[in-house]
Amino acid sequence: MTTPEYEVSAPDGLRRALRDAVDQLGAPDGFTPHLERPGDPSHGDLTTNAALVLAGPLRRPPREIAMELADMLPTGQSGIAAVEVAGPGFLNIRLDDDVLWEGLAGVVPAGSDWGRSAAASSERVNVEFVSANPTGPLHVAHGRGAAIGDAVASLLEWTGHSVEREYYVNDAGRQIELLGRSVDARMRQARGETVEVPEGGYQGEYLSAVASRIAAESGENSRPGTESPAGNAAEPAESLGDSGRIADLAARAAAILRDEQADDLDRFGVRFDNWFAESRLFEGGEVPELLARLELSGSAYRDDEALWLRTSDFGDEKDRVLVKRDGSHTYFVSDIAYHIDKRTRQFDRSIDVWGADHHGHVLRMRAALEAAGVDPEFLEVIIIQLVTVMRGGEEVKMSKRAGTFVTLRELLDETGPDVARYFFLMRRAEVPMAFDLDLALDTSEKNPVYKVQYAHARMCRIFERADLDPDRHAVPMREFAALELPSEREVAKAVLRFPEVVASAARARAPYQVCQYLEQLAGAVNGWYHEGNLDPEKRVLAEGPAREARLGLANAVRVTLRQGLRLLGLSAPERMIRELEEEGA
RNA sequence: GCGUCCGUAGCUCAGCCUGGAUAGAGCAUCGGCCUUCUAAGCCGAGGGUCGCAGGUUCGAAUCCUGCCGGACGCGCCA
């Protein structure tokens with residue numbers, strides 16, 4: 001029996017009993033009762049609307065069905081403490097406390113595995129993200145894509161899939177040629193020539209720095225006798241023809257800019273398993289092979305001196321050009337070849353993170369894959385909407401360096417990686433995002449990042465104060481029965497939801513769900529913790545029968561917050577440095 | 001014109017896929033709480049015609065249709 005993946009965790013016996021009960025009432029074949037977590041705690045721990053859904057097929061009043069189901073569930077067994085019928089016919093189920101204590105006792109021993117789960121069917125997934133052209137610095141929207149792509153990859157890893165993080169480098173084609181010509185113009189400008197950066201070229205000032213670096217490396221500005229850089233000493237550009245010189249400049253500039261992008265991403269905590277160069281597809285002969293195959297199968301045809309792909313046969317609004325009249329390839333050819341290459345590399349799925357300006361390409365890309373004989377379901381695309389950086393209620397528009405956009409590096413200089421990452425992750429990808437710099441720079445707990453990190457640090461500090469090593473402090477299940485405060489139970493229940501939150505976020509490719517969970521958990525934890533300020537009896541370290549149980553709860557919270565932060569690629573500080581203390585010292 | 005996404009509290013956003021019980025959170029506002037296991041915090045309150053209009057349903061923020069408003073696409077550019 002396979003339970004739908006989106007089900008909440010519940011004792012097996014309960015699930016089985018509920019299923020047997022609906023079968024006995026004559027539920028249609030294939031009907032599976034769904035258990036949910038009610039929003040209102042007074043509705044119990046789990047609830048099902050089975051009776052409401054069955055009312056139609058069984059042609060009976062829902063409350064009547066609900067009462068019969070309630071009688072059939074074995075109260076006192078299978079973790080079921082009580083069952084009651086409520087509202088129009090909901091079945092509200094209260095679980096035995098032992099279910100809670102048992103779960104809680106398992107958190108700390110699980111350690112770095114807490115929150116991870118096995119997949120029903122494990123897949124090899126290629127997560128491709130950022131993939132910015134190596135023609136300039138990364139901007140904030142790339143940062144958003146980087147954070148989301150990396151977190152989605154982690155979510156899949158945590159739920160039993162095998163993942164590779166990949167960056168596709170567009171190092172071929174017209175944009176790269178334009179880069180070369182733009183660098184050439186900047187080099188000439190540096191020598192005092194009056195030339196303009198070509199129309200449609202890269203105008204940003206960053207290229208002047210790239211140009212002077214290339215000039216220095218290739219010895220154009222070096223003094224006689226200066227040793228040229230070791231290894232691949234550059235061939236003097238003058239010995240190449242003009243187009244050769246441009247191509248050479250383009251390749252070097254692209255390499256420099258790619259390295260800068262990699263540096264920024266590294267600082268952001270994002271590392272790729274593969275940097276896949278577009279040029280490889282041509283060098284390896286994959287593109288000609290693909291074109292020949294498509295033409296042979298009839299999927300591609302010649303018209304008006306160009307080669308077209310019949311994407312309209314597969315849902316695209318019109319056919320698309322593969323090879324232009326001048327004989328050069330469109331980027332579309334590379335993209336198709338690239339995805340087929342991924343399939344050839346034995347991936348079951350390719351999850352691509354694309355900017356909003358590319359959303360129109362999803363349909364044709366899938367159509368193209370289908371035309372090439374690849375199941376279009378292979379490709380899954382996450383569209384990242386734009387980011388506007390706001391300060392003092394105004395949009396921050398210009399970058400000092402790039403001219404037209406705010407760079408990721410500039411943002412990191414202001415906020416640091418943890419805050420930037422979290423802010424990018426806390427909203428759904430498909431919603432345009434306003435990055436609130438004022439809130440990002442606020443170090444109080446109004447800032448959700450600090451709210452979560454403070455809660456983690458507080459739990460660590462409790463153990464420090466008690467002079468205990470939390471990793472070695474396992475609390476057995478029976479001790480937890482001493483937890484009696486409503487706030488303690490609330491925190492305990494929140495902790496135990498973590499694995500299903502991770503699973504749900506992974507399925508939805510939605511890291512923001514983890515953020516929401518962490519904020520909610522941190523809020524509950526802070527409330528619980530601060531009760532100790534009003535009443536010293538309620539402190540974790542207060543002497544009394546609940547001390548061990550509270551230590552166990554604090555420890556489970558600590559592990560959960562740490563795991564959640566790590567999953568998202570953030571640090572989990574054991575101490576927060578407060579400016580107040582620094583100033584007062 | 002066509003396509004995709006978005007429209008929920010003053011602001012930023014969840015909830016929509018998989019229809020159900022009084023529509024949630026954070027920030028902001030207002031009120032209460034500090035000789036603290038770090039009060040840069042905690043507790044409480046007010047605040048919403050779920051863009052509009054139809055339809056399906058016992059039941060619609062959620063599904064369907066139309067309209068209004070916004071973003072982005074609609075190249076033999078990438």
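So you know, we letter chains A, B, ... as the sequences are listed, proteins then strands, and number each from 1. What you see is a predicted model, and the numbers here were worked out from it, not measured in a lab.
- Look at the P atom in both C6(B) and C16(B): the space between them is 12 Å, to the nearest Å.
- In the displayed structure, Met390(A) atom CE is contacted under 6.0 Å by more than 12 heavy atoms of other residues, nucleotides or ligands.
- When the P atom is compared between U62(B) and A9(B), the two are found 15 Å apart, to the nearest whole Å.
- Atom-to-atom, CZ of Arg366(A) to P of G3(B) comes out at 19 Å; the value is rounded to the nearest Å.
- Base pairing analysis places U18(B) opposite nothing; no Watson-Crick or G-U wobble pair with both distances below 3.5 Å involves it.
- With a 6.0 Å radius and a threshold of 12 heavy atoms from other residues, nucleotides or ligands, Glu574(A) has its CD atom at or below the threshold.
- Pairing for A25(B) goes to U12(B), judged as Watson-Crick or G-U wobble with the two contacts each under 3.5 Å.
- Comment: Glu380(A) engages Arg509(A) in a salt bridge, judged by a side-chain N to carboxylate O separation of less than 4.0 angstrom.
- The listed nucleotides are G20(B), C5(B), G41(B); the one nearest the side chain of Arg458(A) is G41(B).
- Atom CD of Gln513(A) and atom P of A25(B) are 18 Å apart (whole Å).
- Distance check on atom P: G7(B) versus G51(B) gives 8 Å, rounded to whole Å.
- Taking the C1' atom of each, G41(B) and C27(B) are spaced 16 Å apart, rounded to whole Å.
- Distance check on atom P: A23(B) versus G48(B) gives 12 Å, rounded to whole Å.
- In terms of position on RNA chain B, the residue among Asn92(A) and Glu574(A) whose nearest nucleotide sits closer to the 5' end is Asn92(A).
- Aromatic ring centres of His329(A) and Phe282(A) lie closer together than 6.0 Å.
- Remark: aromatic rings of Tyr167(A) and Phe129(A) are distant, center separation not under 6.0 Å.
- Position along RNA chain B of the nearest nucleotide to Met433(A) versus Ala457(A) favours Met433(A) as the more 5'-ward residue.
- At a threshold of 4.0 angstrom between heavy atoms, the contacts of Val431(A) are confined to the sugar-phosphate backbone, with no base atom among them.
- Nucleotides A40(B) and A78(B) place their C1' atoms 47 Å apart, quoted to the nearest Å.
- Ring-base stacking between Phe90(A) and A21(B) is satisfied, the centre separation being under 5.5 Å and the plane angle under 30°.
- For the pair Arg302(A) and Trp308(A), the cation-pi criterion (under 6.0 Å, within 45° of the ring axis) is not fulfilled.
- Using a 4.0 Å cut-off between a side-chain N of Lys or Arg and a carboxylate O of Asp or Glu, Arg366(A) and Glu370(A) do not qualify as a salt bridge.
- Applying the 5.5 angstrom centroid cut-off and the 30 degree plane-angle cut-off, the aromatic ring of His43(A) is stacked upon the base of A21(B).
- Checking A40(B) for Watson-Crick or G-U wobble geometry (two distances, each under 3.5 Å) identifies no partner in any strand.
- Nucleic acid contact class of Ala434(A) (heavy atoms, under 4.0 Å, all strands): sugar-phosphate only.
- Across Glu488(A), Glu543(A), Glu537(A), a single residue satisfies salt bridge (charged side-chain N to carboxylate O under 4.0 Å, His left out) together with Arg550(A), and that is Glu488(A).
- Look at CD on Gln385(A): it is 15 Å from C1' on C13(B), rounded to the nearest Å.
- By the 4.5 Å heavy-atom criterion applied to side chains, Leu46(A) and Asn92(A) are not counted as neighbours.
- Spacing between C13(B) and A61(B) at atom C1', rounded to whole Å, works out to 15 Å.
- Rounded to an integer number of Å, the gap from His530(A) NE2 to C43(B) P is 8 Å.
- In a base pair of the Watson-Crick type (N1 to N3 plus N6-O4 or O6-N4) or a G-U wobble (N1-O2 and O6-N3), with each distance short of 3.5 Å, U57(B) is matched with no nucleotide.
- With P as the reference atom, G3(B) and C64(B) are 15 Å apart, rounded to whole Å.
- Glu430(A) has its CD atom 14 Å from the P atom of C17(B), to the nearest Å.
- With a cut-off of 3.5 Å on both Watson-Crick or G-U wobble distances, the partner of C5(B) is given as G70(B).
- In this model, the phosphate group of A14(B) is approached by a side-chain N or O of Arg428(A) to a distance below 4.0 Å at OP1 or OP2.
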Indicate for each nucleotide in nucleotides 26-34 of chain B, in 5' to 3' sequence, whether protein heavy atoms under 4.0 Å reach the base (B), only the sugar-phosphate (S), or nothing (-).
-SS----S-
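- G48(B) is unpaired under the Watson-Crick or G-U wobble criterion, no partner having all donor-acceptor distances under 3.5 Å.
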How would you summarise protein contacts on nucleotides 73-78 of chain B per nucleotide, using B for base, S for sugar-phosphate only and - for none, with heavy-atom distances below 4.0 Å?
SSSBSB
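- Tyr529(A) places its OH atom 17 Å from the C1' atom of C43(B), with the value rounded to the nearest Å.
- More than 12 heavy atoms of other residues, nucleotides or ligands lie within 6.0 Å of CD in Glu395(A), so this atom counts as buried by the packing criterion.
- Within 6.0 Å of CZ in Arg63(A) there are more than 12 heavy atoms belonging to other residues, nucleotides or ligands.
- With rounding to whole Å, Glu380(A) atom CD is found 19 Å from C17(B) atom P.
- The CZ atom of Arg364(A) sits 3.5 Å away from the CZ atom of Arg320(A) when rounded to the nearest 0.5 Å.
- With rounding to whole Å, Leu485(A) atom CG is found 14 Å from C43(B) atom P.
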